[in-house]
There are 4 protein chains.
Amino acid sequence: MSKTFIAAKPETGKRERAKAANRDAILVAARHVFAELGFEATTVRDIIRGTDLASGTFYNYFKSKEEVFEALARQSVTQFRPRLQDVRKTATSFEDYISGAIRAYFQFLMDSKRTNQADDLHHIPLVGVRVDTPEMQAVFQEIRNDIEDFLARQGAGDVDTEYLTAAAIGVARELGDCMVSRKTGDEGQIIDQVTAFATNMILNGVRDLIKDIKTE
Amino acid sequence: MSKTFIAAKPETGKRERAKAANRDAILVAARHVFAELGFEATTVRDIIRGTDLASGTFYNYFKSKEEVFEALARQSVTQFRPRLQDVRKTATSFEDYISGAIRAYFQFLMDSKRTNQADDLHHIPLVGVRVDTPEMQAVFQEIRNDIEDFLARQGAGDVDTEYLTAAAIGVARELGDCMVSRKTGDEGQIIDQVTAFATNMILNGVRDLIKDIKTE
Amino acid sequence: MSKTFIAAKPETGKRERAKAANRDAILVAARHVFAELGFEATTVRDIIRGTDLASGTFYNYFKSKEEVFEALARQSVTQFRPRLQDVRKTATSFEDYISGAIRAYFQFLMDSKRTNQADDLHHIPLVGVRVDTPEMQAVFQEIRNDIEDFLARQGAGDVDTEYLTAAAIGVARELGDCMVSRKTGDEGQIIDQVTAFATNMILNGVRDLIKDIKTE
Amino acid sequence: MSKTFIAAKPETGKRERAKAANRDAILVAARHVFAELGFEATTVRDIIRGTDLASGTFYNYFKSKEEVFEALARQSVTQFRPRLQDVRKTATSFEDYISGAIRAYFQFLMDSKRTNQADDLHHIPLVGVRVDTPEMQAVFQEIRNDIEDFLARQGAGDVDTEYLTAAAIGVARELGDCMVSRKTGDEGQIIDQVTAFATNMILNGVRDLIKDIKTE
DNA sequence: GATGAATGAGCATTCATTCAT
DNA sequence: GATGAATGAATGCTCATTCAT
């Protein structure tokens, strides 16, 4: 059958492809259902109902809805973290970092939105629901650490970094939701706009607290 | 049946008092359970188990746990809205309003926390879960309107009030959660502190956007 | 309501009667199903299918099929143990005891059979299935103890009482099954017959092992 | 298909050998699992998990676990029946036959135990569970017939051979279980011992019923 | 109005069995 | 013939809701 004479890429068997497709189908369905119903309210049945698979098949791929959720979370984090790393590495100042991280986050949200297009998102789109998954908390912790690093480097006095980070995240999160739920037009433009707004807000907001903040 | 024949005093019937007491018992139990288990995870059974009523009795007072939840939300709002009204009426400027509203919100959170004391609060204290109940959204809308009013009065240019409100609410919400989950000491002091932080953040944050903002 | 003026027996409410009836219905159904299908093979659904109750109702009465089974076993033991006690107390010799215990056991089997009448008993009828329930083992242990006591009293040498008891129980069990599955006639007569056979077998069987055995 | 063109030697094809090996692997695994889990509790999955075969392969060899079980039972019987035949042929009297058959049975039990060694045997070892498989019943029927033959030859009066056989089998079965579950020492010795016990029991037990019984 | 047992739909999960590869 | 993923019926169990008492 699969006699590939010069085939550079080794053709992956039908089986493998089917498996991958099924796994993906479950993940996609789960993402939608989580987004629509919320994590707690969705049942495994809801998820497989969103595929053309049989109920039992679900368990060939995941042990529980928790596991699907984690997979989705991991997916998200895997997408987001590298972007954040980029920002961290190239940022030369606190201002730089904030601006870059905010933009990365909004960009990520927009990408996620596009992926989940056509759903009624009653919940935060990032992965679906409560953003307080361990993975997302890890992301936030990362950001917190970054902020602390940059603040320390820049010699910010005795700012309560927990509060500061919380505030920054609050701004980003709420503006992000706001942005996503707008029906509007050009994506790039919106991102620019909101990023500017958020960055300005945060940096001005902490001006008194940190020496040498430059809010251009 | 229980017709009291000679009752001289108008006597607010035993019945009525019992009814109110039962309703309250359910609400109190529900508040605890929601706080401990979260909305989705709590069952009607969990709630009535927290009272000395029978399961069927629940349905004399509420149609579903959703309804109890709404009642709790309404309770919260009922508690909070007057405070906000006070703030609105006495505030003489945008700065004033923000500062007052923020403080009112944090105060409210702390009160809620105290009410639910002794529970392991695994969820946001306001009523339990996702704060996006219609009622809470109403509160936020109220705040949004207030902000717009104040901004209009003060002649703020073409600020995107939706973004601005979102950002303010984000700051308040996230800092509020942060504050509540801290184990700390003197309540009054903490509220002062966080209120100062949040207010400063927001007002400085919007400085560029609004003419005549006074950040003391 | 239930105004019983001179009522000697306090009329038990409809509710109580219904509850008892349901519990009984489940037990009866379970006894039949266990007898027909065996313990492992019967499902809770099988049991309630044998009643006119809904599936959920089962769990108002029992936590699992294990629990029903235990209840049935307890029932059996409760029926049987007093008879054995009688035998133990009135027996004046080992011979006496064996003969009485055997008869009691066969009588008990016949009673059980009548209760389970009309079923195809594919399994041992005692309670239904594997007789090795803890309760039944307790009964056997009781018998074992009794036998040891009587043997000691009568000065039997160094007989291996474990083997002896096993053999006696084997005879009783197998003959019991045999007796129960016979379609025959007068119950009392059959019991007399089988009891005589079994008793004779056992007592003669151990004659060499025990001094002073009288096998008339 | 596997046409071996030049094959000089008759070569019992690889295929055939593989097939036999697979079948055996399944049987061995099944024996262990049945012994450990009991018939009802073991699943086909459990069985193939004990081999290095795929689940589907199971059905190339057996239609269901019932069929494996029967195969195992047949195996057991196939092992046991010849021994019984020997006994039957060489026995010169009822006493002889009983003694020989009993010993054969106990020996067989011990062999089975050894085969299943290292497992936690929670069930009767013969094949696993309730010994009342058709095959085992056939064995018992054979014994019953033998006993009747010998009794007839020896001119035993109007003994109820059904009862007699039942009693004998009861003794053997119960003592067999007892013996197997003992942790003890030298196998040969134990078999001698229990055989003596059982034989003595049975023969003495029927002494009154049969003329000319010699209980040495 | 209070009670609490009955109900039965619904959920997570397992497992024998099939069948494309 | 071997494989192992897909299937969907079946099971144990929970829980919102109803309703006779």
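Each chain gets a letter, A, B and so on, in the order its sequence line appears, and its residues count up from 1.
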Asks: Quick one: sort the Phe34(C) and Phe39(C) rings into parallel, tilted or perpendicular, breaks at 30° and 60°.
Replies: tilted
Asks: Looking at NZ of Lys63(D) and CD of Glu70(D), how far apart are the two atoms once the value is rounded to the nearest 0.5 Å?
Replies: 9.0 Å
Asks: Which atom pair, heavy atoms only, marks the closest approach of Gly38(A) to Thr42(A)?
Replies: O-CG2, 2.6 Å
Asks: dT11(F) P sits how many Å from Glu40(C) CD, rounded?
Replies: 15 Å
Asks: Please check the phosphate of dA6(F) (OP1 and OP2 only) for any side-chain N or O of Asn60(A) closer than 4.0 Å.
Replies: yes
Asks: Specify the closest pair of heavy atoms between Phe62(D) and Ala71(D), including all atoms of both residues, with the distance to one decimal.
Replies: CE2-CB, 3.9 Å
Asks: Name all stems that contain residues of DNA chain F, defined as runs of 3 or more consecutive Watson-Crick or G-U wobble pairs, both distances under 3.5 Å.
Replies: E:2-21 with F:2-21
Asks: Tell me, which pairs form a side-chain hydrogen bond (donor to acceptor under 3.5 Å, both in side chains) where one or both residues lie in residues 47-59 of chain C, sequence neighbours left out?
Replies: Asp46(C)-Arg49(C)
Asks: Give the B/S/- string for nucleotides 14-20 of chain E, one per nucleotide from 5' to 3', where a protein heavy atom under 4.0 Å of the base yields B, of only the sugar-phosphate yields S, and otherwise -.
Replies: BBBBB-B
Asks: By nearest heavy atom, map Asp52(A) and Tyr61(D) onto DNA chain F; which one lands nearer the 5' end?
Replies: Tyr61(D)
Asks: Do the side chain of Lys65(B) and the main chain of Ala30(B) share a donor and acceptor less than 3.5 angstrom apart?
Replies: no
Asks: What is the distance, rounded to the nearest whole Å, between atom CD1 of Ile48(A) and atom C1' of dA5(F)?
Replies: 15 Å
Asks: Taking the side chain as C-beta and beyond, is there a heavy-atom pair between Arg23(D) and Leu27(D) under 4.5 Å?
Replies: yes
Asks: Looking at Ile47(B), Asn60(B), Asn22(B), which one forms a side chain to side chain contact (heavy atoms under 4.5 Å, CB included) with Leu53(B)?
Replies: Asn22(B)
Asks: Would you indicate which nucleotide in dT3(F), dT7(E), dA6(F) comes nearest to any side-chain atom of Leu53(D)?
Replies: dT3(F)
Asks: Would you say a side-chain N or O of Asn22(C) is under 4.0 Å from OP1 or OP2 of dA5(E)?
Replies: no
